[in-house]
Amino acid sequence: MRLYLIVLLIVEYFSFSQNPYSTRDSKNYLSAGRTITDTTLTKSIKRGAIIYADFCVQCHMENGDGVRNTYPPLAKADFLLTNKQESIRAIKYGLKGKITVNGAIYNSIMPPLGLYDDEVADVMNYISNSWGNTSKLVTEKDVQLINN
């Protein structure tokens, strides 16, 4: 049990030390020049940052830029911001086939990540509110309504 807690603390420290939405000293977070109070959305964003670091960063990169012609960007990504249901579906069930992101065509496979619905909501909130993106809260109920 003690080892589990130590590992959890280490993961939390390294995940949040690189995350612009987290801080150890304040309940306010700065993003794109605005102050965000510690709300349901910011709590979800913090949890989503951990999930992103575990499942998404390998392809979409730490800065959300993706890999040109291979993995689409998430930073300022028109697909992500205008196709919320499709984006949730991709995280929940995976994605196969062509999509167009910021005018570029991507035809890769994103396998299903095996996340619970609340985790899908958290990672959606993180990517939809990072790297210049802004979006409203995605809830677990929103994710539950998405079918394959």
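FYI, the numbering just counts along the sequence from 1.
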Item checked: Criterion side chain to side chain contact (heavy atoms under 4.5 Å, CB included) on Met61 and Tyr71, from CA distance to verdict -> CA-CA 9 Å; Met61 302 290 127; Tyr71 303 115; over 6 Å; no
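To the nearest 0.5 angstrom, Met110 atom CE is 7.0 Å from Leu95 atom CG. Remark: Lys43 NZ to Ile45 CD1 distance equals 12.5 Å, nearest 0.5 Å. With values rounded to the nearest 0.5 angstrom, Lys76 atom NZ is found 13.5 Å from Leu74 atom CG. Taken to the nearest 0.5 Å, the OH atom of Tyr116 stands 13.5 Å off from the NZ atom of Lys92. Note that CG of Asn83 and CD1 of Ile88 are 11.0 Å apart. Values are rounded to the nearest 0.5 Å.
Contact of the Ser128 side chain with the Leu80 side chain is registered, since non-hydrogen atoms from C-beta on lie closer than 4.5 Å. Within the 4.5 Å cutoff, the side chain of Pro112 has no heavy atoms near those of the Tyr93 side chain. Between Glu86 and Ile99, every side-chain heavy-atom pair lies at or beyond the 4.5 Å cut-off. Counting heavy atoms from C-beta on, the side chains of Lys84 and Ser135 come closer than 4.5 Å. Considering only heavy atoms from C-beta on, Ser87 comes within 4.5 Å of Phe79 through its side chain.
Listed by chain and number, the residues in a side-chain hydrogen bond (donor to acceptor under 3.5 Å, both in side chains) with Asn125 are Ser44 (sequence neighbours excluded). For Asn63, the side-chain hydrogen bond (donor to acceptor under 3.5 Å, both in side chains) test picks out Asp65, with sequence neighbours left out. Residues meeting the side-chain hydrogen bond (donor to acceptor under 3.5 Å, both in side chains) test with Thr139, sequence neighbours left out: Asp142.
Of the residues Val57, Asp122, Ile127, Val120, the one that meets the side-chain contact (heavy atoms from CB on, under 4.5 Å) test with Ile51 is Asp122.
Residue Gly48 comes nearest to Tyr126 through the heavy atom pair C-CB, 3.7 Å, listed as atom of the first residue, atom of the second, then distance.
Linking Ile, Leu, Val, Met, Phe, Trp and Tyr residues whenever their side-chain heavy atoms come within less than 4.5 Å places Phe55 and Met124 in a single cluster.
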